[in-house]
S.K.: 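Have a look at this one.
Lettering of chains follows the sequences in order, A, B, ..., and the numbering in each one begins at 1.
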Number of protein chains: 2
Amino acid sequence: MPMRHDVLEFAVLGVLSDSPLHGYELRKRLAVVLGPFRALSYGSLYPCLRRLQARRLIEELAVTPATESTAPPLSARRARVVYAITADGKEEFATWANSPGPEAWEDEGFAAHLAFFSRTEERVRLRILEGRRSRLEERVEALRDSVVRGRAKVDAYTLTLQQHGLDGAEREVRWLNELIQNEQSSTPQSRPAQAITTPEEQA
Amino acid sequence: MPMRHDVLEFAVLGVLSDSPLHGYELRKRLAVVLGPFRALSYGSLYPCLRRLQARRLIEELAVTPATESTAPPLSARRARVVYAITADGKEEFATWANSPGPEAWEDEGFAAHLAFFSRTEERVRLRILEGRRSRLEERVEALRDSVVRGRAKVDAYTLTLQQHGLDGAEREVRWLNELIQNEQSSTPQSRPAQAITTPEEQA
DNA sequence: CCTGCGATATATCATCCTGATATGTTGTGG
DNA sequence: CCACAACATATCAGGATGATATATCGCAGG
(Lines give C-alpha, C1' and ligand atoms only; values in the text may rest on other atoms or scores of the structure.)
Protein backbone atom coordinates (compact mmCIF):
# COMPACT_ATOMS: atom_id res chain seq x y z
CA MET A 1 0.00 0.00 0.00
CA PRO A 2 1.46 3.29 -1.12
CA MET A 3 0.88 5.21 2.12
CA ARG A 4 -0.86 8.46 1.35
CA HIS A 5 1.39 11.50 1.55
CA ASP A 6 -0.94 13.44 3.79
CA VAL A 7 -1.15 10.67 6.36
CA LEU A 8 2.60 10.28 6.53
CA GLU A 9 3.17 14.03 6.73
CA PHE A 10 0.72 14.53 9.53
CA ALA A 11 2.06 11.54 11.42
CA VAL A 12 5.51 13.13 11.22
CA LEU A 13 4.13 16.41 12.49
CA GLY A 14 2.39 14.59 15.30
CA VAL A 15 5.49 12.73 16.42
CA LEU A 16 7.63 15.85 16.19
CA SER A 17 5.14 17.87 18.18
CA ASP A 18 6.19 15.87 21.25
CA SER A 19 9.86 16.67 20.83
CA PRO A 20 12.44 17.32 18.11
CA LEU A 21 14.01 14.16 16.76
CA HIS A 22 16.54 12.97 14.23
CA GLY A 23 15.56 10.72 11.34
CA TYR A 24 16.51 7.40 12.84
CA GLU A 25 14.47 7.79 15.99
CA LEU A 26 11.63 9.46 14.09
CA ARG A 27 11.34 6.45 11.83
CA LYS A 28 11.10 4.04 14.76
CA ARG A 29 8.32 6.03 16.38
CA LEU A 30 6.44 6.31 13.10
CA ALA A 31 6.50 2.53 12.82
CA VAL A 32 4.52 2.39 16.06
CA VAL A 33 2.16 5.18 15.10
CA LEU A 34 1.27 3.99 11.60
CA GLY A 35 -0.46 0.72 12.25
CA PRO A 36 1.17 -1.93 14.39
CA PHE A 37 4.86 -1.75 13.56
CA ARG A 38 4.70 -1.05 9.88
CA ALA A 39 8.18 0.38 9.33
CA LEU A 40 8.70 2.69 6.40
CA SER A 41 11.94 3.15 4.47
CA TYR A 42 14.20 6.17 4.57
CA GLY A 43 13.52 6.52 0.88
CA SER A 44 10.01 7.56 1.92
CA LEU A 45 10.86 9.41 5.10
CA TYR A 46 13.51 11.80 3.77
CA PRO A 47 11.47 13.08 0.83
CA CYS A 48 8.60 13.59 3.25
CA LEU A 49 10.80 15.63 5.56
CA ARG A 50 11.96 17.70 2.59
CA ARG A 51 8.35 18.38 1.59
CA LEU A 52 7.48 19.50 5.10
CA GLN A 53 10.58 21.66 5.24
CA ALA A 54 9.69 23.32 1.95
CA ARG A 55 6.31 24.21 3.43
CA ARG A 56 7.97 25.57 6.60
CA LEU A 57 6.08 23.13 8.80
CA ILE A 58 9.31 21.72 10.22
CA GLU A 59 12.86 23.01 10.45
CA GLU A 60 16.32 21.63 11.07
CA LEU A 61 17.93 22.24 14.41
CA ALA A 62 21.65 22.38 13.85
CA VAL A 63 23.21 20.20 16.49
CA THR A 64 26.47 21.58 17.74
CA PRO A 65 29.17 19.30 16.45
CA ALA A 66 31.56 21.20 18.66
CA THR A 67 32.64 19.75 21.97
CA GLU A 68 32.13 22.55 24.42
CA SER A 69 34.60 22.82 27.29
CA THR A 70 34.21 19.46 28.91
CA ALA A 71 35.26 16.41 26.93
CA PRO A 72 32.55 13.93 27.87
CA PRO A 73 31.89 10.80 25.82
CA LEU A 74 28.90 12.46 24.15
CA SER A 75 30.76 14.56 21.61
CA ALA A 76 32.29 14.39 18.16
CA ARG A 77 29.46 12.39 16.75
CA ARG A 78 28.58 12.28 13.10
CA ALA A 79 26.29 15.13 12.14
CA ARG A 80 22.88 14.24 13.48
CA VAL A 81 20.23 16.32 11.84
CA VAL A 82 17.47 17.09 14.30
CA TYR A 83 14.08 18.13 12.98
CA ALA A 84 11.66 20.29 14.95
CA ILE A 85 8.09 21.34 14.28
CA THR A 86 7.41 25.04 13.63
CA ALA A 87 4.47 27.13 14.81
CA ASP A 88 2.88 26.74 11.38
CA GLY A 89 3.38 23.00 11.65
CA LYS A 90 1.63 22.83 15.00
CA GLU A 91 -1.30 24.73 13.58
CA GLU A 92 -1.51 22.43 10.57
CA PHE A 93 -1.37 19.38 12.79
CA ALA A 94 -4.12 20.62 15.09
CA THR A 95 -6.34 21.29 12.08
CA TRP A 96 -5.76 17.81 10.71
CA ALA A 97 -6.27 16.05 14.04
CA ASN A 98 -9.70 17.64 14.35
CA SER A 99 -10.83 17.40 10.73
CA PRO A 100 -11.07 13.74 9.87
CA GLY A 101 -11.43 13.16 6.14
CA PRO A 102 -12.04 9.82 4.44
CA GLU A 103 -8.43 8.87 5.12
CA ALA A 104 -9.35 8.40 8.77
CA TRP A 105 -11.37 5.25 8.06
CA GLU A 106 -8.51 3.46 6.34
CA ASP A 107 -5.97 1.33 8.19
CA GLU A 108 -3.01 3.72 8.34
CA GLY A 109 -5.09 6.85 8.61
CA PHE A 110 -7.11 5.45 11.47
CA ALA A 111 -4.02 4.23 13.32
CA ALA A 112 -2.45 7.66 12.92
CA HIS A 113 -5.54 9.47 14.18
CA LEU A 114 -5.83 7.10 17.14
CA ALA A 115 -2.18 7.66 18.04
CA PHE A 116 -2.93 11.35 18.50
CA PHE A 117 -6.37 11.02 20.06
CA SER A 118 -5.32 12.80 23.20
CA ARG A 119 -4.90 15.89 21.03
CA THR A 120 -8.28 15.43 19.35
CA GLU A 121 -11.55 16.94 20.53
CA GLU A 122 -14.04 14.52 22.05
CA ARG A 123 -16.80 14.93 19.47
CA VAL A 124 -14.27 14.40 16.69
CA ARG A 125 -12.97 11.28 18.38
CA LEU A 126 -16.44 9.83 18.23
CA ARG A 127 -16.83 10.69 14.55
CA ILE A 128 -13.58 8.93 13.73
CA LEU A 129 -14.42 5.81 15.72
CA GLU A 130 -17.87 5.55 14.18
CA GLY A 131 -16.56 6.12 10.69
CA ARG A 132 -13.99 3.43 11.20
CA ARG A 133 -16.63 1.09 12.52
CA SER A 134 -18.84 1.40 9.50
CA ARG A 135 -15.82 0.92 7.27
CA LEU A 136 -15.10 -2.34 9.08
CA GLU A 137 -18.72 -3.39 8.99
CA GLU A 138 -18.55 -3.19 5.22
CA ARG A 139 -15.54 -5.46 5.31
CA VAL A 140 -17.35 -7.91 7.56
CA GLU A 141 -20.27 -8.00 5.14
CA ALA A 142 -17.97 -8.64 2.20
CA LEU A 143 -16.21 -11.45 4.02
CA ARG A 144 -19.48 -12.96 5.21
CA ASP A 145 -20.81 -12.97 1.65
CA SER A 146 -17.65 -14.58 0.43
CA VAL A 147 -17.68 -17.29 3.09
CA VAL A 148 -21.34 -18.08 2.54
CA ARG A 149 -21.12 -18.01 -1.25
CA GLY A 150 -17.86 -19.91 -1.41
CA ARG A 151 -18.89 -22.51 1.15
CA ALA A 152 -19.50 -25.17 -1.46
CA LYS A 153 -16.79 -24.22 -3.91
CA VAL A 154 -13.58 -24.08 -1.89
CA ASP A 155 -11.91 -26.82 0.09
CA ALA A 156 -12.05 -27.09 3.86
CA TYR A 157 -8.67 -25.42 4.44
CA THR A 158 -9.45 -22.32 2.44
CA LEU A 159 -12.83 -22.10 4.10
CA THR A 160 -11.21 -22.28 7.52
CA LEU A 161 -8.87 -19.47 6.58
CA GLN A 162 -11.73 -17.32 5.37
CA GLN A 163 -13.72 -18.06 8.51
CA HIS A 164 -10.70 -17.06 10.58
CA GLY A 165 -10.46 -13.79 8.70
CA LEU A 166 -14.15 -13.14 9.21
CA ASP A 167 -13.91 -13.82 12.92
CA GLY A 168 -11.02 -11.39 13.13
CA ALA A 169 -12.96 -8.65 11.39
CA GLU A 170 -15.95 -9.15 13.68
CA ARG A 171 -13.63 -9.03 16.66
CA GLU A 172 -12.35 -5.70 15.44
CA VAL A 173 -15.87 -4.30 15.25
CA ARG A 174 -16.52 -5.40 18.81
CA TRP A 175 -13.30 -3.70 19.90
CA LEU A 176 -14.43 -0.47 18.28
CA ASN A 177 -17.80 -0.74 19.97
CA GLU A 178 -16.00 -0.92 23.30
CA LEU A 179 -13.97 2.17 22.48
CA ILE A 180 -17.10 4.03 21.43
CA GLN A 181 -18.87 3.09 24.63
CA ASN A 182 -15.97 4.27 26.74
CA GLU A 183 -15.91 7.46 24.75
CA GLN A 184 -19.59 8.14 25.33
CA SER A 185 -19.60 7.49 29.05
CA SER A 186 -16.48 9.38 30.07
CA THR A 187 -12.90 9.97 29.16
CA PRO A 188 -11.32 6.56 28.83
CA GLN A 189 -8.10 7.05 30.72
CA SER A 190 -8.90 4.07 32.90
CA ARG A 191 -10.09 1.25 30.72
CA PRO A 192 -10.45 -2.13 32.49
CA ALA A 193 -6.78 -2.77 31.65
CA GLN A 194 -7.64 -6.17 30.19
CA ALA A 195 -4.81 -8.11 31.83
CA ILE A 196 -1.54 -7.07 30.29
CA THR A 197 -0.14 -10.43 31.25
CA THR A 198 -2.19 -12.78 29.13
CA PRO A 199 -3.04 -16.35 30.17
CA GLU A 200 -0.70 -19.23 29.59
CA GLU A 201 -0.49 -20.57 26.07
CA GLN A 202 0.51 -24.21 26.17
CA ALA A 203 3.72 -25.19 24.40
CA MET B 1 5.22 -5.68 0.58
CA PRO B 2 6.65 -6.63 -2.78
CA MET B 3 5.21 -10.13 -3.06
CA ARG B 4 7.98 -12.60 -3.77
CA HIS B 5 8.14 -13.79 -7.36
CA ASP B 6 8.25 -17.46 -6.47
CA VAL B 7 5.13 -17.29 -4.33
CA LEU B 8 3.15 -15.53 -7.03
CA GLU B 9 4.34 -17.90 -9.73
CA PHE B 10 3.45 -20.99 -7.80
CA ALA B 11 0.09 -19.58 -6.80
CA VAL B 12 -0.61 -19.04 -10.49
CA LEU B 13 0.41 -22.61 -11.28
CA GLY B 14 -1.80 -23.86 -8.48
CA VAL B 15 -4.86 -21.95 -9.66
CA LEU B 16 -4.30 -22.97 -13.27
CA SER B 17 -3.90 -26.62 -12.32
CA ASP B 18 -7.63 -26.70 -11.60
CA SER B 19 -8.58 -25.40 -15.02
CA PRO B 20 -7.31 -23.06 -17.75
CA LEU B 21 -8.31 -19.45 -17.20
CA HIS B 22 -7.94 -16.03 -18.75
CA GLY B 23 -6.21 -13.20 -16.93
CA TYR B 24 -9.24 -11.46 -15.51
CA GLU B 25 -10.63 -14.54 -13.77
CA LEU B 26 -7.16 -15.70 -12.78
CA ARG B 27 -6.56 -12.45 -10.97
CA LYS B 28 -9.76 -12.74 -8.98
CA ARG B 29 -8.96 -16.24 -7.83
CA LEU B 30 -5.43 -15.22 -6.90
CA ALA B 31 -6.86 -12.51 -4.68
CA VAL B 32 -8.59 -15.22 -2.65
CA VAL B 33 -5.57 -17.51 -2.61
CA LEU B 34 -2.96 -14.96 -1.58
CA GLY B 35 -4.08 -13.89 1.84
CA PRO B 36 -7.61 -12.70 2.41
CA PHE B 37 -8.53 -10.76 -0.71
CA ARG B 38 -5.27 -9.07 -1.44
CA ALA B 39 -5.77 -8.24 -5.08
CA LEU B 40 -2.71 -7.76 -7.23
CA SER B 41 -2.44 -5.51 -10.25
CA TYR B 42 -2.25 -6.61 -13.86
CA GLY B 43 1.10 -4.88 -13.90
CA SER B 44 2.29 -7.73 -11.70
CA LEU B 45 0.22 -10.52 -13.15
CA TYR B 46 1.11 -10.15 -16.83
CA PRO B 47 4.88 -10.12 -16.33
CA CYS B 48 4.48 -13.16 -14.11
CA LEU B 49 2.56 -14.99 -16.83
CA ARG B 50 5.28 -14.06 -19.32
CA ARG B 51 7.95 -15.46 -17.02
CA LEU B 52 6.08 -18.72 -16.61
CA GLN B 53 5.52 -18.92 -20.35
CA ALA B 54 9.24 -18.41 -21.01
CA ARG B 55 9.94 -21.36 -18.73
CA ARG B 56 7.30 -23.48 -20.51
CA LEU B 57 5.35 -24.00 -17.30
CA ILE B 58 2.20 -22.54 -18.81
CA GLU B 59 1.00 -22.02 -22.38
CA GLU B 60 -1.60 -19.95 -24.18
CA LEU B 61 -4.71 -21.59 -25.47
CA ALA B 62 -5.87 -19.43 -28.35
CA VAL B 63 -9.61 -19.07 -28.11
CA THR B 64 -10.84 -17.50 -31.31
CA PRO B 65 -14.55 -16.93 -31.81
CA ALA B 66 -13.61 -16.41 -35.45
CA THR B 67 -15.90 -13.70 -36.68
CA GLU B 68 -15.37 -13.87 -40.43
CA SER B 69 -16.21 -10.24 -40.89
CA THR B 70 -15.16 -8.07 -43.75
CA ALA B 71 -15.13 -5.09 -41.49
CA PRO B 72 -12.20 -2.69 -41.37
CA PRO B 73 -8.88 -4.18 -40.33
CA LEU B 74 -7.99 -4.09 -36.63
CA SER B 75 -11.66 -4.40 -35.71
CA ALA B 76 -11.12 -8.06 -34.98
CA ARG B 77 -12.73 -9.10 -31.78
CA ARG B 78 -10.45 -8.62 -28.82
CA ALA B 79 -8.75 -11.91 -28.07
CA ARG B 80 -9.39 -13.55 -24.75
CA VAL B 81 -6.11 -15.23 -23.97
CA VAL B 82 -6.60 -18.41 -21.99
CA TYR B 83 -3.64 -19.78 -20.07
CA ALA B 84 -3.18 -23.47 -19.27
CA ILE B 85 -0.62 -25.28 -17.17
CA THR B 86 1.77 -27.66 -18.94
CA ALA B 87 3.06 -31.03 -17.77
CA ASP B 88 6.28 -29.36 -16.66
CA GLY B 89 4.26 -26.81 -14.78
CA LYS B 90 2.32 -29.49 -12.91
CA GLU B 91 5.55 -31.16 -11.90
CA GLU B 92 7.03 -27.88 -10.69
CA PHE B 93 3.90 -27.12 -8.70
CA ALA B 94 3.86 -30.53 -7.01
CA THR B 95 7.49 -30.09 -6.02
CA TRP B 96 6.82 -26.70 -4.52
CA ALA B 97 3.68 -27.74 -2.67
CA ASN B 98 5.63 -30.47 -0.89
CA SER B 99 8.89 -28.59 -0.28
CA PRO B 100 8.11 -25.68 2.03
CA GLY B 101 10.97 -23.20 2.23
CA PRO B 102 11.14 -20.17 4.52
CA GLU B 103 8.57 -18.41 2.34
CA ALA B 104 5.93 -20.72 3.78
CA TRP B 105 6.03 -19.04 7.20
CA GLU B 106 5.36 -15.57 5.82
CA ASP B 107 1.86 -14.19 5.32
CA GLU B 108 1.44 -14.63 1.57
CA GLY B 109 3.49 -17.79 1.33
CA PHE B 110 1.52 -19.42 4.11
CA ALA B 111 -1.82 -18.44 2.63
CA ALA B 112 -0.73 -19.82 -0.72
CA HIS B 113 0.42 -23.10 0.76
CA LEU B 114 -2.78 -23.43 2.76
CA ALA B 115 -4.87 -22.82 -0.34
CA PHE B 116 -3.33 -25.90 -1.94
CA PHE B 117 -3.17 -28.09 1.16
CA SER B 118 -5.36 -30.74 -0.38
CA ARG B 119 -2.50 -31.32 -2.83
CA THR B 120 0.12 -31.43 -0.09
CA GLU B 121 1.29 -34.55 1.71
CA GLU B 122 0.18 -34.89 5.32
CA ARG B 123 3.62 -34.77 6.96
CA VAL B 124 4.45 -31.67 4.94
CA ARG B 125 1.21 -30.03 6.01
CA LEU B 126 2.26 -30.44 9.61
CA ARG B 127 5.68 -28.96 8.94
CA ILE B 128 4.13 -25.91 7.36
CA LEU B 129 1.62 -25.37 10.15
CA GLU B 130 4.27 -25.72 12.83
CA GLY B 131 6.67 -23.43 11.03
CA ARG B 132 3.97 -20.83 10.71
CA ARG B 133 3.12 -21.19 14.37
CA SER B 134 6.64 -20.54 15.57
CA ARG B 135 6.82 -17.56 13.21
CA LEU B 136 3.69 -16.16 14.84
CA GLU B 137 4.94 -16.93 18.32
CA GLU B 138 7.92 -14.72 17.60
CA ARG B 139 5.55 -11.97 16.61
CA VAL B 140 3.54 -12.43 19.79
CA GLU B 141 6.69 -12.17 21.86
CA ALA B 142 7.73 -8.98 20.08
CA LEU B 143 4.31 -7.43 20.61
CA ARG B 144 4.19 -8.53 24.23
CA ASP B 145 7.58 -6.94 24.88
CA SER B 146 6.45 -3.76 23.22
CA VAL B 147 3.22 -3.55 25.17
CA VAL B 148 4.93 -4.26 28.47
CA ARG B 149 7.85 -1.95 27.84
CA GLY B 150 5.74 0.84 26.40
CA ARG B 151 3.06 0.58 29.06
CA ALA B 152 4.22 3.68 30.89
CA LYS B 153 5.36 5.70 27.90
CA VAL B 154 2.40 5.74 25.52
CA ASP B 155 -1.08 7.11 26.07
CA ALA B 156 -4.11 4.95 26.78
CA TYR B 157 -5.34 4.91 23.18
CA THR B 158 -2.10 3.70 21.67
CA LEU B 159 -1.81 1.12 24.41
CA THR B 160 -5.30 -0.15 23.66
CA LEU B 161 -4.41 -0.46 19.98
CA GLN B 162 -1.26 -2.40 20.81
CA GLN B 163 -3.15 -4.64 23.18
CA HIS B 164 -5.70 -5.29 20.45
CA GLY B 165 -2.93 -6.25 18.05
CA LEU B 166 -1.41 -8.57 20.63
CA ASP B 167 -4.73 -10.25 21.30
CA GLY B 168 -5.16 -10.78 17.58
CA ALA B 169 -1.75 -12.40 17.24
CA GLU B 170 -2.44 -14.71 20.17
CA ARG B 171 -5.76 -15.62 18.64
CA GLU B 172 -3.96 -16.59 15.46
CA VAL B 173 -1.64 -18.91 17.37
CA ARG B 174 -4.63 -20.60 18.97
CA TRP B 175 -6.20 -21.04 15.55
CA LEU B 176 -3.05 -22.70 14.27
CA ASN B 177 -3.01 -24.98 17.29
CA GLU B 178 -6.50 -26.13 16.39
CA LEU B 179 -5.45 -26.83 12.80
CA ILE B 180 -2.44 -28.79 14.02
CA GLN B 181 -4.57 -30.85 16.37
CA ASN B 182 -7.02 -31.68 13.62
CA GLU B 183 -4.14 -32.61 11.40
CA GLN B 184 -2.67 -34.97 13.96
CA SER B 185 -5.88 -36.78 14.81
CA SER B 186 -7.27 -37.36 11.33
CA THR B 187 -8.00 -35.60 8.09
CA PRO B 188 -9.78 -32.39 8.97
CA GLN B 189 -12.61 -32.39 6.48
CA SER B 190 -15.16 -32.00 9.25
CA ARG B 191 -14.10 -29.26 11.60
CA PRO B 192 -16.78 -28.21 14.12
CA ALA B 193 -18.03 -25.78 11.48
CA GLN B 194 -18.01 -22.91 13.97
CA ALA B 195 -21.38 -21.46 13.04
CA ILE B 196 -21.19 -19.81 9.63
CA THR B 197 -23.94 -17.50 10.77
CA THR B 198 -22.28 -15.68 13.63
CA PRO B 199 -24.16 -14.42 16.69
CA GLU B 200 -25.95 -11.15 16.65
CA GLU B 201 -23.84 -8.01 16.78
CA GLN B 202 -25.80 -5.27 18.39
CA ALA B 203 -26.25 -2.09 16.37
C1' DC C 1 44.08 -3.91 24.71
C1' DC C 2 41.97 -4.49 20.62
C1' DT C 3 38.90 -6.78 17.61
C1' DG C 4 34.60 -7.61 15.87
C1' DC C 5 29.80 -7.21 16.14
C1' DG C 6 25.39 -4.99 16.64
C1' DA C 7 23.07 -0.72 17.19
C1' DT C 8 22.97 4.09 15.89
C1' DA C 9 22.72 7.25 11.96
C1' DT C 10 22.27 9.24 7.18
C1' DA C 11 21.78 8.71 2.31
C1' DT C 12 21.07 6.90 -2.55
C1' DC C 13 19.28 4.03 -6.18
C1' DA C 14 17.69 0.12 -9.19
C1' DT C 15 13.90 -2.54 -9.19
C1' DC C 16 9.42 -3.39 -9.42
C1' DC C 17 4.41 -2.66 -7.75
C1' DT C 18 0.32 -0.03 -7.57
C1' DG C 19 -3.36 2.96 -9.04
C1' DA C 20 -4.86 5.45 -12.82
C1' DT C 21 -6.10 5.31 -17.17
C1' DA C 22 -7.37 3.81 -21.93
C1' DT C 23 -10.02 0.90 -24.91
C1' DG C 24 -13.38 -2.19 -26.25
C1' DT C 25 -17.09 -5.99 -25.43
C1' DT C 26 -21.05 -8.27 -23.32
C1' DG C 27 -25.16 -8.40 -20.68
C1' DT C 28 -29.09 -6.31 -18.28
C1' DG C 29 -32.45 -3.36 -16.11
C1' DG C 30 -35.21 0.70 -17.03
C1' DC D 1 -32.84 1.31 -27.13
C1' DC D 2 -29.89 3.39 -24.01
C1' DA D 3 -27.11 3.63 -19.95
C1' DC D 4 -24.52 1.33 -16.90
C1' DA D 5 -22.11 -2.35 -14.76
C1' DA D 6 -19.18 -6.19 -15.33
C1' DC D 7 -15.92 -8.39 -18.34
C1' DA D 8 -11.31 -8.21 -20.44
C1' DT D 9 -6.62 -6.69 -21.80
C1' DA D 10 -2.97 -3.44 -21.59
C1' DT D 11 0.32 0.46 -20.46
C1' DC D 12 2.73 3.81 -17.64
C1' DA D 13 3.91 7.60 -14.43
C1' DG D 14 4.79 7.85 -9.86
C1' DG D 15 6.53 6.11 -5.87
C1' DA D 16 7.77 2.62 -2.11
C1' DT D 17 11.00 -0.86 -0.93
C1' DG D 18 15.21 -3.39 0.06
C1' DA D 19 19.85 -3.36 -0.85
C1' DT D 20 23.74 -1.05 -0.30
C1' DA D 21 27.38 2.31 1.20
C1' DT D 22 29.45 4.94 4.73
C1' DA D 23 30.70 6.07 9.46
C1' DT D 24 30.56 6.25 14.66
C1' DC D 25 29.74 4.15 19.23
C1' DG D 26 29.36 0.74 23.04
C1' DC D 27 30.63 -3.43 24.59
C1' DA D 28 31.62 -8.54 25.12
C1' DG D 29 35.18 -11.73 24.78
C1' DG D 30 39.65 -13.23 23.37
S.K.: Reckon Gly23(A) touches a base, only the sugar-phosphate, or nothing at all at heavy-atom distances under 4.0 Å?
M.R.: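 Result for Gly23(A) = sugar-phosphate.
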S.K.: Rounded to whole angstroms, how far apart are CD on Glu25(B) and P on dC7(D)?
M.R.: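 Result: 8 Å.
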S.K.: With heavy atoms under 4.0 Å as the rule, sort Arg27(B) into base, sugar-phosphate or nothing.
M.R.: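 Answer is nothing: Arg27(B) stays at 4.0 Å or more from every strand.
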S.K.: Over its full length, what angle do the end axes of the helix from dC1(C)-dG30(D) to dG30(C)-dC1(D) make, each axis taken from five pairs and the result rounded to 10 degrees?
M.R.: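 Comparing the axis at each end, I get an angle of 40°.
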S.K.: Whether Ser44(A) contacts dT17(D) is assessed here as follows: a side-chain N or O lying under 4.0 Å from the phosphate OP1 or OP2. Is that the case?
M.R.: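 Yes, such a contact exists.
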S.K.: Mind calculating the distance between CG (Leu21(B)) and C1' (dA8(D)) to the nearest angstrom?
M.R.: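 Answer to the nearest Å: 13 Å.
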S.K.: Is the shortest side-chain N to carboxylate O distance from Arg119(A) to Asp18(A) below 4.0 Å?
M.R.: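 The answer is yes: the pair qualifies as a salt bridge.
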S.K.: If you round to the nearest 0.5 Å, how far is CD1 of Ile58(A) from OH of Tyr83(A)?
M.R.: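 It is 7.0 Å, given to the nearest 0.5 Å.
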S.K.: Between Arg132(A) and Glu172(A), is there a side-chain heavy-atom distance shorter than 4.5 Å?
M.R.: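 Yes; the side chains approach each other to less than 4.5 Å.
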S.K.: Is any NZ, NE, NH1 or NH2 atom of the basic residue among Asp145(A) and Arg139(A) found under 4.0 Å from an Asp or Glu carboxylate oxygen of the other?
M.R.: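 Judged by the 4.0 Å cut-off on N to carboxylate O distance, Asp145(A) and Arg139(A) do not form a salt bridge.
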S.K.: Are Phe116(B) and Phe10(B) an aromatic pair by the rule of ring centers under 6.0 Å?
M.R.: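 Phe116(B) vs Phe10(B): aromatic centres not under 6.0 Å.
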S.K.: Where each residue is assigned the nucleotide of DNA chain D containing its nearest heavy atom, which of Leu40(A) and Tyr24(B) is assigned the position nearer the 5′ end?
M.R.: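 It is Tyr24(B), whose closest nucleotide lies nearer the 5' terminus.
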S.K.: Which one, dG18(D), dT9(D), dT8(C), comes nearest to the side chain of Ser41(A)?
M.R.: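 Selected nucleotide: dG18(D).
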S.K.: Is His22(B) close enough to dC7(D) that one of its side-chain N or O atoms is under 4.0 Å from OP1 or OP2 there?
M.R.: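 Checking His22(B) against dC7(D): no side-chain N or O falls below 4.0 Å of OP1 or OP2.
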S.K.: Between Trp105(A) and Glu130(A), do the side chains contain a donor N or O and an acceptor N or O under 3.5 Å apart?
M.R.: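 Their side chains do not contain a donor-acceptor pair, so the 3.5 Å distance test is not met.
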